[in-house]
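To start, the structure itself, in structure tokens.
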Amino acid sequence: MTYKIAVFPGDGIGPEIMAEAIKVMDCLSSVLGTGFELETGLVGGAAFDQVGDPLPAESLALARASDAILLGAVGGPKWESLDYSVRPERGLLRLRADLDLFSNLRPAILHPQLIDASSLKPEIVEGLDIMIVRELTGGIYFGKPRGVRILDDGEREGFNTLVYRESEIRRIGHSAFQIAIKRNRQVCSVDKANVLECTELWRDIMDQISSEYPEVELSHMYVDNAAMQLVRAPKQFDVIVTTNMFGDILSDCASMLTGSIGMLPSASLDGNGKGMYEPIHGSAPDIAGLGRANPLATILSVSMLLRYSFAESDAADLVDQAVQVALESGARTPDIHSAGLQEVSTSGMGDAVVAAMHEVADGL
Ligand code: IPM
Ligand code: MG
């Protein structure tokens, strides 16, 4: 069995972290015989620079023709003055929307070795394991009308639209409940139903769906409170389900509980299990090319790819265990470094994971 993977390194640190994820896939091929056929494509600012479009038709076709997609990161100051329609981010958003990757899973798991890297006290984050289920193809990110208009008095006015159809809410709700069944059977739906009608509808639909999952406990929380609770008592959460923009914000917040945003992978799935996998962090232009980026979020995205798109749990477990072993050995990129541990570069961390994969596989 050979899996065809579209690889989009993107911008900033994207190419560096992707190189390490590719090392890990190569190692899986040699250790477990998992067959990958990788084809690299252009997306984001890199694509704009070469062909004037952040998502060239060829890249979209490659993504469609592949069994799964692995993406690095997009964006950077170089492209910030461009029109929105050709910004690097638009390439990523179109990829998500055109492939209907509506269900974005962002696990926030504290690796015990990193307990001191968290900005919170150890007892607050110890054992943390949250799954944020973010709606990814709707809401204010995509709602129309949108833009900046000039009013009669000459002043400019910016506007965006928060919009959700019942069916969009229902399908992300089902994703969340189905994931919760396999976990601690708690779903917390995050909204702003006290102010926004659209999220009042969100709350209604979540209540409706919950009757189909009697074994799962549903609660509701306003987003401002959820942000506070995430840093006050994060272990109260099992699965959080929320809108596109709230999920964007809360997942960055949750990432710091785990020590670094450089640790969090994600899966973006359509209704049939096809998925795109990417670290939740951005392109970090300030450290691009310096070998300081943490490749673990991308490497852990490979593990999610194996698990969610291909049900290759042995291969996924091997990657996850190797990450633990690499951390155990003391290897730390600068974002998770602390005194007494060994600071390694981006490629040094990739090498540590690959060495650990051999070690773990030999011990099997
Ligand atoms: C993320 C990122 C993206 C988003 C950007 C790069 C468009 O922040 O994946 O969380 O806002 O969704
Ligand atoms: Mg984000």
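With hydrogens and angles left out, the side-chain atoms of Tyr84 and Glu89 include no donor and acceptor closer than 3.5 Å. Side-chain atoms of Glu212 and Ser210 include no donor-acceptor pair closer than 3.5 Å. For the residue pair Asn225 and Gln229, a side-chain donor N or O sits within less than 3.5 Å of a side-chain acceptor on the partner. No hydrogens or angles considered: a donor-acceptor pair under 3.5 Å links the side chains of Tyr277 and Ser309.
In this structure, Trp79 CH2 and Asp49 CG are separated by 5.5 Å, a value rounded to the nearest 0.5 Å. For the atom pair CD1 (Ile5) and CG (Asp67), the distance works out to 6.5 Å, reported to the nearest 0.5 Å. A distance of 12.5 Å separates NE2 of His111 from OG of Ser118, quoted to the nearest 0.5 Å. Taken from OG1 in Thr333 to CG in Leu341, the straight-line distance is 11.0 Å, to the nearest 0.5 Å. In this structure, the separation between CD1 on Ile169 and CD1 on Ile209 is 8.5 Å, given to the nearest 0.5 Å. Taken to the nearest 0.5 Å, the CD atom of Glu200 stands 13.5 Å off from the NZ atom of Lys192.
Atom CD of Glu157 sits in a crowded spot, with more than 12 heavy atoms from other residues, nucleotides or ligands closer than 6.0 Å. When the shell of 6.0 Å around CG of Asp152 is examined, it contains 12 or fewer heavy atoms from other residues, nucleotides or ligands. No more than 12 heavy atoms of other residues, nucleotides or ligands shown are found within 6.0 angstrom of CZ on Arg165. In the displayed structure, Glu58 atom CD is contacted under 6.0 Å by at most 12 heavy atoms of other residues, nucleotides or ligands. The 12-atom threshold is not exceeded at CZ of Arg232, counting heavy atoms of other residues, nucleotides or ligands nearer than 6.0 Å. Atom CD of Glu197 has 12 or fewer neighbouring heavy atoms from other residues, nucleotides or ligands inside a 6.0 Å radius. Crowding of Glu123 atom CD: a count of heavy atoms from other residues, nucleotides or ligands under 6.0 Å exceeding 12. In Ile150, the CD1 atom is not crowded: 12 or fewer heavy atoms of neighbouring residues, nucleotides or ligands sit closer than 6.0 Å.
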Exercise. Going through the distances and angles, do Leu306 and Leu28 end up as a side-chain contact (heavy atoms from CB on, under 4.5 Å)?
Worked result: CA-CA 11 Å; Leu306 292 161; Leu28 282 170; 3.6 Å; yes
Exercise. For Asn244 and Phe142, what are the C-alpha separation, side-chain angles and deciding distance, and is it a side-chain contact (heavy atoms from CB on, under 4.5 Å)?
Worked result: CA-CA 9 Å; Asn244 201 341; Phe142 294 95; 3.8 Å; yes
For this session: In sequence, state the C-alpha distance, the side-chain angles, and the governing distance for Ile280 and Arg134, and then conclude on side-chain contact (heavy atoms from CB on, under 4.5 Å).
Result: CA-CA 12 Å; Ile280 80 151; Arg134 170 188 177 193; over 6 Å; no
Problem set entry | Chi angles and distances behind the side-chain contact (heavy atoms from CB on, under 4.5 Å) call for Tyr141, Asp248 | CA-CA 10 Å; Tyr141 269 51; Asp248 179 44; 3.0 Å; yes
For this session: Could you please spell out the steps behind the ring-ring contact (aromatic ring centres under 6.0 Å, His included) verdict for Trp202 and Tyr164?
Result: CA-CA 8 Å; Trp202 177 281; Tyr164 273 114; 5.4 Å; yes
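When atom types are taken as modelled, the side chain of Ser103 and the backbone of Ile172 share no donor-acceptor pair closer than 3.5 angstrom. Panel note: side chain Glu135, backbone Thr137; a donor-acceptor pair is recorded below 3.5 Å. Side-chain atoms of Ser211 do not come within 3.5 Å of backbone N or O of Asp207 as any donor-acceptor pair. Formation of a donor-acceptor pair under 3.5 Å by the Ser283 side chain with backbone atoms of Gly75 is found in this model. The main-chain N or O of Gly289 is found under 3.5 Å from a side-chain atom of Glu16 such that the two form a donor-acceptor pair. Judged by distance alone, with hydrogens and angles left aside, the side-chain atoms of Ser189 form no donor-acceptor pair with the main-chain N or O of His220 at under 3.5 Å. Between the Lys274 side chain and the Ile69 main chain, no donor and acceptor come within less than 3.5 Å of each other. Using modelled atom types, one side-chain atom of Thr346 and one backbone atom of Ala293 make a donor-acceptor pair closer than 3.5 Å.
Minimum heavy-atom separation, Arg64 to Asp98: NH1-O, 3.6 Å. Nearest approach of Gly41 to Ser59, heavy atoms of both residues: C-OG, 4.3 Å. Listed here is the closest heavy atom pair of Pro54 and Val86: CG-O, 3.6 Å. Here the closest heavy-atom approach between residue His358 and residue Ser30 is recorded as CE1-OG, 4.4 Å. Here the closest heavy-atom approach between residue Ala176 and residue Val187 is recorded as O-CG2, 4.0 Å. Scanning both residues, Pro56 and Asp53, for their nearest heavy atoms gives CD-O, 3.4 Å.
By the 4.5 Å heavy-atom criterion applied to side chains, Leu99 and Met276 are not counted as neighbours. Val216 places a side-chain heavy atom less than 4.5 Å from the side chain of Ile181. In this structure, the side chains of Lys4 and Leu62 come closer than 4.5 Å at one or more pairs of heavy atoms. Inter-residue side-chain proximity for Ile336 and Leu327 is flagged as met; some heavy-atom pair is nearer than 4.5 Å. Gln236 places a side-chain heavy atom less than 4.5 Å from the side chain of Met221. Residues Leu264 and Arg106 have side chains not in contact (no heavy-atom distance under 4.5 Å, counting atoms from C-beta outward). Thr161 is not listed as a side-chain neighbour of Lys144, based on a closest heavy-atom distance of 4.5 Å or more. Here the side chains of Met245 and Asn160 are not in contact, with every heavy-atom distance at 4.5 Å or above.
Hydrophobic clustering (ILVMFWY, side-chain heavy atoms < 4.5 Å, transitive): Leu60 and Leu136 are in distinct clusters. Tracing side-chain contacts under 4.5 Å through hydrophobic residues (I, L, V, M, F, W, Y), one reaches Ile124 starting from Ile115; they form part of the same cluster. By the rule that hydrophobic residues join a cluster once side-chain heavy atoms approach within less than 4.5 Å of another member, Met304 and Leu71 end up as members of separate clusters. In the hydrophobic clustering of this structure, Val7 groups with Leu296; members are Ile, Leu, Val, Met, Phe, Trp, Tyr whose side-chain heavy atoms approach within less than 4.5 Å, directly or through other members. Ile287 and Met263 end up in different hydrophobic clusters when Ile, Leu, Val, Met, Phe, Trp and Tyr side chains are linked at under 4.5 Å.
Of the charged side-chain nitrogens involved, none lies within less than 4.0 Å of a carboxylate oxygen, so that Asp11 and Lys78 do not count as a salt-bridged pair. Salt bridge annotation for Glu20-Lys23: present, with a cationic side-chain nitrogen under 4.0 angstrom from a carboxylate oxygen. The pair Asp238-Arg185 does not meet the salt-bridge criterion, since no charged nitrogen lies less than 4.0 angstrom from a carboxylate oxygen. The residues Asp335 and Arg292 are annotated as not salt-bridged, no charged nitrogen and carboxylate oxygen being separated by less than 4.0 angstrom.
Note on ring orientation: taking the six-membered ring where Trp is involved, the planes of Phe36 and Tyr3 are tilted (angle from 30° to 60°).
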